[in-house]
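Quick note on labels: first sequence line is chain A, next is B, and so on, each numbered from 1. Only heavy atoms go into these numbers, but all of them, side chains included; no hydrogens, no water, no symmetry mates.
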Amino acid sequence: MAIDLRDVCFAYPGAPETSILNIKQWTVAGNEHIFVHGASGSGKSTLLNLLSGILSSSGGEVAVLGQRLDKMNAYQRDRFRANHIGYVFQQFNLIPYLGAVDNIQIASQFSKQKKSARLSADIENLLSRLNISRADWHKPSAKLSIGQQQRVAIARALINQPELLIADEPTSALDQPNSDNFMSLLMSLAKEHDITLLFVSHDMSLSRYFDRVDALSEINQSEASSPCL
Amino acid sequence: MFVKLAVKSLLNRKGSALLTLLAMSVSIFVLLGVEHIRTQSKDSFANTVSGVDLIVGARTSSLNLLLYSVFRVGSPSNNISWQSFQAIAANPKVAWAIPISLGDSHKGYRVLGTTADYFQHFSYGKQHKLRFAQGQAFEQVFDVVLGAEVAHQLGYHLGDKLVLAHGIATTSFALHDDKPFQVVGILAPTVTPVDQTVHVSLAGIEAIHKNWQQGGATPSPSSITAGMVGLKSRMATFAVQREINNYRQEPLLAILPGVALSELWQMMGLLENTLRLISVLVLVAALLGLSAMLLASIREREREIQLLRVIGAPPWFLFLLIELEAVLISSLSIVCGATLLYLSLISLGDVLTLQFGLHVSANIFSIHSVYLLLLVILATLIAAAIPSLQAYRNRFNN
């Protein structure tokens with residue numbers, strides 16, 4: 001199982017009476033490509049932050065790639081995230097004043113994966129594979145187009161060879177051709193690298209790329225003003 | 001990569017980083033400058049005179065007498081008569097007495113009229129005697145012995161002729177140019193006001209003023225500015241001092257150079273501490289500015305911090321990143337401030353020497369200043385702890 005959630009509940013420490021997330025059971029198999037449909041405010045970011053270990057659950061079992069995040073301390077969760085999870089956001093995926101190559105290198109900095117000479121070869125392969133022309137590799141990423149930035153973000157997310165890739169509305173800042181281009185690159189790379197892909201979006205038209213489609217409203221059974229037990 | 005991130009992040013905020021750098025550089029300049037001049041002046045003052053038991057002059061404050069007789073700062077209030085000086089020199093407890101006659105200048109350097117005994121008895125630092133780099137003491141009326149710096153700055157060599165002026169301004173109208181003097185000796189450097197002094201015999205001084213032509217009889221001086229006295233026994237110091245202070249024929253003042261120096265320290269101590277306090281406050285202001293700049297940057301870089309957290313940066317990494325940015329700025333400021341100070345000392349050193357009699361070396365690095373700079377770095381770390389903590393506990397870290 002790539003993801004296995006049981007009786008997971010989350011409420012912000014400031015408001016323990018109001019649970020944001022309440023999941024009885026939800027699993028994602030290894031190498032599955034799953035589309036989770038959710039409107040904003042449905043607990044989407046909270047779910048993704050729990051899965052990546054940025055937030056810790058108020059109760060329940062959070063197992064990702066066979067490891068119990070709810071039993072780890074903050075430092076272990078940071079390490080786990082760096083080593084096993086790739087993340088692509090809607091926007092602001094890159095440090096604006098660093099170039100593509102530096103952005104990717106920084107990501108590898110925090111993981112225990114290879115620090116050898118192979119790293120720069122891997123970065124070059126990924127960037128070429130994602131159609132970023134060599135002239136743009138060292139430009140400050142703020143100077144790249146949004147489409148280029150999102151593709152560099154895929155490279156950044158994949159550099160540590162993660163087993164799980166989380167994409168949070170990665171195409172919503174892109175126009176249609178760029179979005180199609182992004183989706184096809186993302187899907188084929190996920191296949192090539194045998195990665196479990198968790199894709200969250202409010203845009204149902206993207207669900208055609210996926211073999212499994214879940215609605216967050218069905219996963220999350222939290223009701224307004226119900227506390228975590 | 002860590003350093004690269006900090007450097008590029010600062011470069012990305014060039015404007016505010018540069019202004020902060022400037023503020024820090026100025027404060028480092030002030031701090032180092034005050035400390036440097038403070039220690040240097042103390043050293044150079046303390047090393048100026050030694051082996052002289054009493055300084056005798058006209059009645060004035062002991063500090064004033066010390067300043068004009070030894071440091072050639074300020075103007076003598078009055079002269080003492082040659083007879084009185086002779087009487088002191090004849091005192092059985094006195095081993096030697098050197099007359100000093102001031103009031104003339106050569107191209108901005110003070111002219112000191114004295115006797116050949118000066119070169120034998122006057123000492124500086126830790127009992128160093130004056131030493132001739134070239135030539136010997138004056139013998140003739142129109143012989144002159146130059147301090148090391150005078151010879152160096154004005155490019156004089158043995159045998160050169162020079163003209164002495166009445167008064168102490170660099171350009172004086174009363175040039176005694178009908179009586180050229182000849183360089184017969186150049187002293188080795190002492191790092192005291194001696195280096196900036198032109199030495200002639202008392203007869204030479206009289207000759208300038210009395211329009212006296214070479215070849216006649218040696219005129220004897222009617223009065224001198226002050227005298228330095230060495231005693232046969234240190235035990236007699238206070239007795240001789242009392243005798244001189246109670247001298248009937250003329251109001252005289254005898255001071256112990258060490259006592260007067262410590263009086264000078266006391267007076268300077270207040271000034272020193274005020275200067276130090278101001279330089280520390282300037283530094284504190286600059287550090288607060290640095291802290292404020294970084295704190296504002298944290299707000300501006302919230303998403304960047306969030307991104308770093310997501311790709312696996314632990315909170316302490318963010319803490320260290322901000323601290324590193326602060327240390328980068330303050331280290332660079334130290335380099336800029338120190339360079340600025342060094343260049344200023346090189347270019348203004350002569351002005352300090354001529355105007356204030358302060359001989360300040362351009363070598364600003366001592367153990368003391370290294371400690372001071374380490375303290376600056378430590379203070380930077382403390383001041384940057386506020387924004388660094390802010391980065392550490394940003395809302396993304398729960």
Side-chain angles (χ1 to χ4, degrees), chain A residues 10 12-14 45 48-58 73-99 101-113 115 119 138 140-142 153 156-157 159-160 162 166 168, chain B residues 1-21 293-326 328-329 332 387-398:
Chain A
F10 181 83
Y12 280 101
S45 325
L48 298 184
N49 286 343
L50 278 181
L51 292 175
S52 59
I54 289 166
L55 293 175
S56 60
S57 62
S58 313
N73 63 28
Y75 177 70
Q76 289 168 322
R77 279 185 276 122
D78 288 341
R79 296 285 298 166
F80 177 81
R81 180 166 67 252
N83 289 331
H84 302 287
I85 300 176
Y87 216 116
V88 181
F89 296 100
Q90 176 178 350
Q91 55 184 339
F92 209 91
N93 273 296
L94 306 172
I95 295 183
Y97 47 83
L98 292 184
V101 171
D102 285 343
N103 263 291
I104 299 170
Q105 249 173 20
I106 272 212
S108 77
Q109 183 86 12
F110 300 109
S111 101
K112 63 168 184 241
Q113 313 278 337
K115 302 253 156 113
L119 177 64
H138 293 284
S141 55
R156 207 269 329 279
I159 193 63
N160 295 330
I166 297 176
D168 183 3
Chain B
M1 202 64 219
F2 181 49
V3 177
K4 189 174 182 178
L5 183 61
V7 170
K8 290 230 171 170
S9 141
L10 286 175
L11 286 179
N12 186 44
R13 289 170 286 123
K14 277 195 206 79
S16 55
L18 200 66
L19 285 176
T20 314
L21 179 76
M293 185 277 279
L294 288 171
L295 196 59
S297 86
I298 303 289
R299 203 147 300 160
E300 189 181 300
R301 296 156 77 192
E302 204 160 76
R303 310 199 65 169
E304 192 182 313
I305 288 168
Q306 191 169 323
L307 178 66
L308 284 169
R309 290 283 293 123
V310 169
I311 62 176
W316 57 258
F317 176 89
L318 297 164
F319 181 89
L320 291 180
L321 182 67
I322 305 301
E323 287 281 13
L324 179 64
E325 288 185 8
L328 278 176
I329 288 197
L332 199 57
S388 300
L389 269 178
Q390 192 76 13
Y392 179 90
R393 334 173 305 195
N394 70 84
R395 63 181 172 81
F396 214 60
N397 304 336
N398 287 349

Do you know which two heavy atoms are closest between A/Asn160 and A/Ser111, and how far apart they sit?
-> OD1-OG, 3.2 Å

With rounding to the nearest 0.5 Å, note down the distance linking OG in A/Ser56 to CZ in A/Phe10.
-> 7.0 Å

How long is the gap from CD1 on B/Ile322 to OH on B/Tyr392, to the nearest 0.5 Å?
-> 14.0 Å

Pairs of heavy atoms under 4.5 Å with chain B: top-ranked of A/Asp102, A/Ile85, A/Leu98 = A/Asp102

Where does [X] contact chain B at under 4.5 Å (heavy atoms): side chain, backbone, both or neither?
X       : answer
A/Phe92 : both
A/Leu94 : backbone
A/Gln91 : both
A/Arg79 : neither

Check whether B/Leu11 gets within reach of chain A through its side chain, its backbone, both or neither, counting any heavy atom under 4.5 Å.
-> neither

Output yes when a side-chain donor or acceptor of A/Asn93 lies under 3.5 Å from a complementary backbone atom of A/Val88, and no otherwise.
-> no

Is a donor on one side and an acceptor on the other found under 3.5 Å between the side chain of B/Arg13 and the backbone of B/Ser297?
-> no

Side chains of A/Arg77 and A/Ile54 in contact at under 4.5 Å (non-hydrogen atoms) | no

Between B/Lys4, B/Arg301, B/Lys8, which has the largest tally of heavy atom pairs under 4.5 Å with chain A?
-> B/Lys8

